[in-house]
Amino acid sequence: MNTNESSGASHFIRNIIREDLEAGKNDGRVITRFPPEPNGYLHIGHAKSICLNFGLAREFGGRCHLRFDDTNPAKEEVEYIESIQEDVRWLGFDWGEHLYHASDYFDELYDYAVQLIGMGKAYVDSLTAEEIREYRGTLTQPGRESPYRNRSVDENLDLFERMRRGEFEDGEHVLRAKIDMASPNMNMRDPTIYRIRRMPHHRTGDKWVIYPLYDFTHCLSDAIEGITHSVCTLEFEDHRPLYDWVLDVLQTPCHPQQIEFARLNLTHTVMSKRKLLRLVQEGVVSGWDDPRMPTISGLRRRGYTPESIRNFCDRIGVAKRNSVVEFALLEYCLRQDLNRRAPRYMGVLKPLKVVIVNYPEGLEENLEAINNPEDISMGTRMVPFSREIYIERDDFMENPPKKFYRLSPGKEVRLRYAYFITCVDLIKDEKTGEVVELHCTYDPATRGGDSPDGRKVKATLHWVSAKKALNAEVRLYDHLFTQSDPEEEGAGGDFLARLNPRSLEVLHDCKLEPGLADASKESFYQFERLGYFCPDIKDFTLEHPVFNRSVTLRDTWAKLQKAGKAD
RNA sequence: UGGGGCGUCGCCAAGCGGUAAGGCUCGGGUCUUUGGAACCCGCACUCGGAGGUUCGAAUCCUCCCGCCCCAGCCA
């Protein structure tokens, strides 16, 4: 029934569109738009909106426009325009021919404003910004009308034209819609729709010194493009009467329907552009694409796939309730995607050397390993084995608790795809007492990991041949914030006080299976028993391989330990 | 004390007068050459609260409580 990857679980916006279609509204067209302001990088919250808008269009055979809401030259930059397009495309969406900018409509918008003035529905106000604020009243008290409110149409026309020509300085005049200074809805108290900004615009250059504001621009841009359903976030709900007012008063090609939904919040991170910018500017992270950032570029560098993010956006639903989704769901979506697609390799992050004392010196075997047990078509590979190998430090305990069934003195375990080994001796650092090397024996009959006599072992360990190991740097990431809600009030300090000091752990002498030497960027791997890893887009080189941990595997042993139930 | 929204399991979220879907998390189990994956079982006698209407209410009505948004010449 559903041709896309969406679950088919309906939500209120989908229902509205279905009803509109049944009622024959908009002649059966569904045209949506994603309207970012180019003043920052896209994050996972934007992904929700992108998936919604582009997804709806795809689902109903319509189209979705990408429109830059670039009406404020003071805040916007070309750098962001480029990154936004790259991110939307990377997520898997295509706006085709329909790339627009609000600034494309500056001429039309100006004409509409003139019309409004002609109808006596807009006027040039010459109050200062502070005065306008005072006149606006408060939440509980009505505003007062500006002394300039009743200028004649001709005077307004003349002044507005002169504003456009650049005869005035910033702030000297503004154009306001004439609505109702006593409205309980603050947005309707004669909202400002044009302001003077003597500043070049990244697209229109110095053609304009007056720029329209959001409330005037957005609805008209929607109407000009023939948008049918204008989906935005909850904070614009109060603006809807104004959106409708503008389109009702003016003769426009159509009157799109504004529909509001709740924006996405995620635990253990922050989502506001302002806060993300602070993390970047204060050097808390390495940049907008730091793998710990909830930005699209950060998630991408972390190893998230477009599929996993789309699936996540589909699962979280769309509603009007403010909510905070657990980060665990995002991680689940990544694991689910990568489990079926990622080729498996062995990699030892914290190496402990093991000498197999009864294994012939100088002998090297190549053992066959399955690339992905979830997908046999991915084939097999050969892994070199020798007398000296590395295993994970965490896979050995000298005095193990009851439920630890990995390696310990006298215990036998399986080396994945290799042999059963038994620990017969351990060597400690004389000074620190730390175990630095293990001596084990192997059973030649268990080659490949099967025991002909049916003998069982409780654990299977990953390992890497010491001689053939690929040395690599591996970066382990964790939540940026320890607290699920870093913005929680009280407890003192701002959100930066709640940073997770261990959000990044860099490991330098990791030993990886040699096959990983020709890892390619934008690819992903499972390091068996550990998690999913990807070459770092920026820092990975053949000479100095760097891998990022995208997400750990589910780890019930770690969970037992944490819960104190390991004994 | 103005206006606009929202309150269903730890977190999301269906439900729209006929007797509480689903996912994540969590707990238990089967299986396993990843303590992974897969599979099975369990997890709201109750829907912010109190009244009311009805044979019957999460759904309708009334009152109350809580949370979010709005006083940019930002979007």
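Below, read A as the first sequence line, B as the second, and so on, with proteins coming before strands; counting in each chain starts at 1.
Comparing B:rG49 with B:rA57, their C1' atoms sit 16 Å apart, to the nearest whole Å. The same atom, P, is picked in B:rC40 and in B:rC31; the two are 15 Å apart, to the nearest Å. The separation of B:rC61 from B:rG18, taken at their P atoms, amounts to 16 Å, rounded to a whole angstrom. Here, B:rU25 and B:rC12 have their C1' atoms 11 Å apart, quoted to the whole Å. Spacing between B:rA75 and B:rC68 at atom P, rounded to whole Å, works out to 26 Å. Distance check on atom P: B:rG52 versus B:rU59 gives 14 Å, rounded to whole Å. Nucleotides B:rA37 and B:rG28 are separated by 15 Å at their P atoms, to the nearest Å. Rounded to a whole angstrom, the distance from the C1' atom of B:rU19 to that of B:rC24 is 28 Å.
No contact: A:Tyr194 has no heavy atom under 4.0 Å from any strand. Among the atoms of the strands shown, only primed sugar atoms or phosphate atoms (P, OP1, OP2) are found under 4.0 Å from some heavy atom of A:Thr192. Within 4.0 Å (heavy atoms only), A:Leu175 reaches no atom of the nucleic acid at all. Using a 4.0 Å heavy-atom distance criterion, A:Arg321 is classed as a base contact. Residue contacts shown for A:Val325 are limited to sugar-phosphate atoms, with no base heavy atom under 4.0 Å away. Using a 4.0 Å heavy-atom cutoff across all strands shown, A:Ile132 reaches at least one base atom of the nucleic acid. Among the heavy atoms of the strands lying under 4.0 Å from A:Ala319 are primed sugar atoms or P, OP1, OP2 only; no base atom is included. Across all strands, A:Leu329 comes closer than 4.0 Å only to sugar-phosphate atoms, never to a base (heavy-atom distances). Nucleic acid contact for A:Arg133: sugar-phosphate only, since backbone atoms but no base atoms lie under 4.0 Å from a heavy atom of the residue. Among the protein residues, A:Asp450 comes within range of the nucleic acid bases, having at least one heavy atom under 4.0 Å from a base atom.
We find that CD of A:Glu260 is positioned 13 Å from P of B:rG4, with the value rounded to whole Å. Atom CZ in A:Phe12 sits about 13 Å away from atom C1' in B:rA13, given to the nearest Å. Atom pair A:Arg67:CZ and B:rA75:C1' shows a separation of 12 Å (rounding to whole Å applied). Atom-to-atom, NZ of A:Lys273 to C1' of B:rG72 comes out at 16 Å; the value is rounded to the nearest Å. Atom CD1 in A:Ile376 sits roughly 14 Å away from atom C1' in B:rA38 (whole-Å rounding). Whole-Å rounding puts the A:Tyr332 OH to B:rA37 C1' distance at 11 Å. The CD atom of A:Glu134 sits 11 Å away from the P atom of B:rG72 (whole-angstrom rounding).
Judged by a 6.0 Å distance limit and a 45° cone about the ring axis, A:Lys411 is not positioned over the six-membered ring of A:Tyr405.
Relative to the side chain of A:Arg315, the nucleotides B:rC70, B:rA75, B:rC24 differ in distance, and B:rC24 lies closest.
Because its glycosidic torsion is within 90° of 0, B:rG72 is reported here as syn. Applying the 90° criterion around 0 to the glycosidic angle, B:rC45 comes out syn.
With hydrogens and angles left out, the side chain of A:Glu374 and the base of B:rG36 share a donor-acceptor pair within 3.5 Å. The base of B:rG3 lies close enough to the side chain of A:Asp238 for a donor and an acceptor atom to sit less than 3.5 Å apart.
In plain terms, the two heavy atoms of A:Ser221 and A:Tyr105 that are nearest each other are OG-CD1, 3.4 Å. When all heavy atoms of A:Leu109 and A:Phe216 are compared, the pair lying nearest together is O-CE2, 3.4 Å. Contact detail for A:Gln526 and A:Ala342: the closest heavy-atom pair is N-CB, 3.9 Å.
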Exercise for review: Mind running salt bridge (Lys or Arg N to Asp or Glu O under 4.0 Å) on A:Arg240 and A:Glu260 for me, showing each step along the way?
Suggested key: CA-CA 9 Å; A:Arg240 188 169 5 113; A:Glu260 311 84 11; 2.6 Å; yes
Practice item. Let me see the working for A:Lys402 and A:Asp567 under salt bridge (Lys or Arg N to Asp or Glu O under 4.0 Å), right down to the final yes or no. Key: CA-CA 5 Å; A:Lys402 253 225 160 37; A:Asp567 292 306; over 6 Å; no
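Mapping A:Lys320 and A:Asp555 onto RNA chain B by nearest heavy atom places A:Lys320 at the nucleotide closer to the 5' end. Between A:Arg136 and A:His218, it is A:Arg136 whose nearest contact on RNA chain B lies nearer the 5' terminus.
Under 4.0 Å is where a charged nitrogen must lie from a carboxylate oxygen, and between A:Glu161 and A:Arg165 at least one such pair does.
At a cut-off of 3.5 Å, with distance as the only test, a side-chain donor of A:Tyr41 or A:Glu79 sits close to an acceptor on the other residue.
The nucleotide B:rC39 finds its pairing partner in B:rG29, both defining distances of the Watson-Crick or G-U wobble pair being shorter than 3.5 Å. Pairing of B:rG51, defined by two Watson-Crick or G-U wobble distances under 3.5 Å, is identified with B:rC61. Across all strands shown, B:rC6 forms a Watson-Crick or G-U wobble pair, both distances under 3.5 Å, with B:rG66. Using N1 to N3 plus N6-O4 or O6-N4 for Watson-Crick, or N1-O2 and O6-N3 for G-U wobble, each under 3.5 Å, B:rA13 pairs with nothing. As the counterpart of B:rA20, no nucleotide is assigned, since no Watson-Crick or G-U wobble pattern has both distances under 3.5 Å.
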